[in-house]
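Structure, as structure tokens:
Everything quoted here is computed from the prediction, not taken from an experiment.
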Amino acid sequence: MNIAGAEYSNKASSGVRHCHRSNKVDPISAYLPTSLRPVVGPISHNKATRIEDAADDGDGDRLSKLPNDLLLNILERVDTLDALRACFLSKQMLKLPTLLSQLFLSAGSIPGHHDSARVFRPSEVLRTNRAVAHVTDNILSTRSPEITISKLKIKFVLTQHESLTIGKSVARAMAIQKVGAAEFEVTTDKAYKICSPADFLHFGKQFNDFVGACPDAFAGLTRLWLRNMRFGEFDIPNILSTCKLLESLRLSHCDSGIHSVLQVEHAQLAELEIDQGKFERVELICLPKLQRVRYNNWCSYEDPLYFGFAPQLSKLILTKTAVRSQKTLELSQLLANVSSISDLHLDFRSEKIWVLPECPKLLTPVLSKLQHVNLDHLPEGCDLAWTMFILEAAPSLKELCITLWDHWCIMATDNEFRKKYGFCEKIDMKWKPYAPDFKHKNLAKLTIYGFQPDDNLLRYIRSVMEHAVNMAEISLHDRKVCVSCSDLDSEIKDKFCTSRYPRTAEKRKQTTEELDFLST
């Protein structure tokens, strides 16, 4: 679900329809408000009679013939509001909602939300948000305490009444029955792009009040995703101290003020994701169980992260659209306290390369356990020789994946705008090997997306083959495809370079022969 205040559209319609419904009030009515129930049109007497006869013959309500455990397995694979709508269609299924062990309630589950062509109004989202609160309260309050909730995920808009209803319902459920993984995804009734600084502060205060009113619910959460909030200096640490069982935290367009510093300490947190925000620096002070960090587009001109005690950190994902004035990161300094990284993903968003090639003596201590590297959205046509510094410094590396892509729909394309904000034109990163004859014994796979059979890439592949003496597979692919790029203005499309990827068997054979020739 996108944030409220934006337009909503989703994909794939289920189109489930049943042709007969009893006039009796069914138990499901307690759960799903009338406005969100499936629409069943009027049925003539003759048609209803034929349907009933078919049901008597055993060919009507086929869902009723399925065993409960199979029906529950099916219902737990979809949004719970969709599951409740489905329960209207079969008498046997009316009793199933209280037996579900996995609940996923979302304010984005508007009737018709599977239709990709439909655009939803904010009022529809808020109405569904009220239904999410209503259904959460009813289902959790009528369940048997003996039935474990293995997974509870609720996506809702931060509104006072509905948030309190959800929070108190979840807290009561946690007090009387076993709840496994519990997740809140909280967004706001304004989209990020139309939020003022006062809005961000208001939403931050509103969320703090929510946590203060429902501390028991947050004490049992394992995952939390917040959007569009600005907090005070100590608010996020206080929220973390309340969420004692939290394993995953994601902050999208959240911060503690422009150029603020966030310090994170938590005994259970295993995953941290930050999208945008105005933090100057995020300091991971003491996170003994932290395994994965993703930071998308920081605004700092210095190192965006400080790693204190994070002995289990294994995966680091950094994404940045960099301009000329922003600092080039030195991995030896950024990861000075971390030597456990095995998976490194760097996304350059088709702009400036913001990682500095370094001497193996400096890098090997922090990259000694690195096994998988993904370099994404490198500008097309750039010289890849600089990436060899990773091979020199990471003796355990097994797989290297590179994507070359001028991805126009995520790039700034206006020349004046690019000049004003310091976007760089394509400049090759300068690098010379520290040990020209070094041999890498563990690299087994090289994958390149956006391959073009030009001298630049052929030389690079040959260089990797020469150094990686145990290379088992080289996989070369054409450019990745983006549907949104087809909707761009013709002026931008004119900048697209026609792919010369070898599509025919003859051209592929020719490319292979060139590589074989260059490697001899």
Side-chain angles (χ1 to χ4, degrees), residues 291-292 294 313-319 331 335 339-348 353 355 357-358 360 363-364 366-405 407 429 431 433 435-481 499-503 505 507-520:
Q291 297 177 20
R292 181 179 182 271
R294 185 179 72 85
L313 182 63
S314 60
K315 185 168 186 176
L316 178 62
I317 304 171
L318 299 176
T319 301
L331 294 177
L335 304 177
S339 60
S340 54
I341 299 289
S342 62
D343 194 335
L344 181 63
H345 187 138
L346 307 177
D347 189 337
F348 300 91
I353 295 169
V355 169
E358 297 182 77
L363 267 182
T364 299
V366 299
L367 299 185
S368 61
K369 297 181 180 179
L370 189 63
Q371 296 185 18
H372 303 277
V373 170
N374 194 321
L375 304 177
D376 206 356
H377 281 106
L378 289 172
E380 293 180 20
C382 73
D383 189 349
L384 296 179
W386 66 273
T387 65
M388 296 295 291
F389 87 95
I390 297 175
L391 273 67
E392 285 193 272
S396 301
L397 187 67
K398 295 180 179 179
E399 183 173 350
L400 174 61
C401 180
I402 295 174
T403 299
L404 295 158
W405 194 4
H407 194 174
M429 179 73 73
W431 175 87
D437 297 326
F438 81 94
K439 301 300 179 184
H440 198 290
K441 298 181 180 180
N442 289 305
L443 184 63
K445 183 176 181 180
L446 171 65
T447 302
I448 297 179
Y449 291 92
F451 171 77
Q452 303 292 296
D454 54 33
D455 291 342
N456 177 26
L457 279 175
L458 292 174
R459 279 197 308 270
Y460 175 73
I461 295 170
R462 182 186 73 169
S463 178
V464 174
M465 293 169 64
E466 288 176 350
H467 294 293
V469 294
N470 292 317
M471 178 70 71
E473 179 182 344
I474 296 177
S475 183
L476 306 176
H477 304 267
D478 200 354
R479 292 189 186 113
K480 291 184 177 179
V481 177
S499 175
R500 295 182 293 106
Y501 181 78
R503 298 183 180 279
K507 290 186 177 181
R508 290 179 181 176
K509 181 181 179 182
Q510 180 182 346
T511 301
T512 303
E513 289 174 349
E514 288 186 53
L515 286 172
D516 289 341
F517 174 77
L518 290 171
S519 62
T520 57

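The CE atom of M388 sits 5.0 Å away from the CG atom of L391 when rounded to the nearest 0.5 Å. Note: I390 CD1 to L346 CG = 6.5 Å, rounded to the nearest 0.5 Å. Distance check: H345 NE2 to L316 CG gives 10.5 Å after rounding to the nearest 0.5 Å. Distance OG1/T511 to OH/Y501: 8.5 Å, rounded to 0.5 Å. Between the CD1 atom in I402 and the CG atom in L446 there is a gap of 6.0 Å [rounded to 0.5 Å]. Taking CG from L344 and CG from L318, the interatomic distance works out to 7.0 Å, rounded to the nearest 0.5 Å.
Side-chain atoms of H440 come within 3.5 Å of backbone atoms of A394 as a donor-acceptor pair (strictly under, hydrogens ignored). Judged by distance alone, with hydrogens and angles left aside, the side-chain atoms of S340 form a donor-acceptor pair with the main-chain N or O of L313 at under 3.5 Å.
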Trace of the side chain to side chain contact (heavy atoms under 4.5 Å, CB included) decision for D454 with R500:
CA-CA 9 Å; D454 54 33; R500 295 182 293 106; 3.7 Å; yes
Side chain to side chain contact (heavy atoms under 4.5 Å, CB included) between E380 and Q452: does it pass, once the steps are laid out?
CA-CA 9 Å; E380 293 180 20; Q452 303 292 296; over 6 Å; no
Give the intermediate values and the outcome of side chain to side chain contact (heavy atoms under 4.5 Å, CB included) for residues L476 and R508.
CA-CA 10 Å; L476 306 176; R508 290 179 181 176; over 6 Å; no
Go through the steps to decide whether R292 and I317 satisfy the test side chain to side chain contact (heavy atoms under 4.5 Å, CB included), and finish with yes or no.
CA-CA 8 Å; R292 181 179 182 271; I317 304 171; 3.4 Å; yes
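Looking at residues two or more places apart in sequence or on another chain, you find a side-chain hydrogen bond (donor to acceptor under 3.5 Å, both in side chains) between E358 and S332.
For the residue pair H372/D343, the side-chain donor-acceptor check at 3.5 Å is not satisfied.
Ring geometry, Y449 versus H477: the interplanar angle falls under 30°, so the pair is classed parallel (tilted spans 30 to 60°).
Partner of H407 under the side chain to side chain donor-acceptor pair (under 3.5 Å) criterion, chosen from R479, K480, H377: H377. Screening L397, N470, V469 for a side chain to side chain contact (heavy atoms under 4.5 Å, CB included) with L443, the sole residue that qualifies is L397.
Considering only heavy atoms from C-beta on, L375 stays 4.5 Å or farther from L384 through its side chain. Between N456 and D383 there is a side-chain heavy-atom pair separated by less than 4.5 Å. Residues F451 and L458 have side chains in contact (heavy-atom distance under 4.5 Å, counting atoms from C-beta outward). Contact annotation: the side chain of L378 approaches that of I353 to within less than 4.5 Å [non-hydrogen atoms, C-beta and beyond]. Side-chain contact check for V464 versus I474: every heavy-atom pair is 4.5 Å or farther apart. Side-chain contact between K369 and S396 is absent, with no heavy-atom pair separated by less than 4.5 Å. Counting only heavy atoms from C-beta outward, the side chains of P502 and Q510 never approach each other to under 4.5 Å. At least one side-chain heavy atom of L404 sits less than 4.5 Å from a side-chain heavy atom of L457.
Closest approach of L367 to P395, counting heavy atoms only: O-CD, 4.4 Å. Pairing each heavy atom of A393 with each of P360, the nearest pair is CB-CA, 4.2 Å. Of all non-hydrogen atoms in E473 and M471, the two that sit nearest each other are O-SD, 3.4 Å. Across all their heavy atoms, Y460 and A385 have their closest contact at CD1-N, 4.1 Å.
Heavy atoms of other residues, nucleotides or ligands lying less than 6.0 angstrom from NZ of K439 number more than 12. A 6.0 Å sphere centred on NZ of K507 holds no more than 12 heavy atoms belonging to other residues, nucleotides or ligands.
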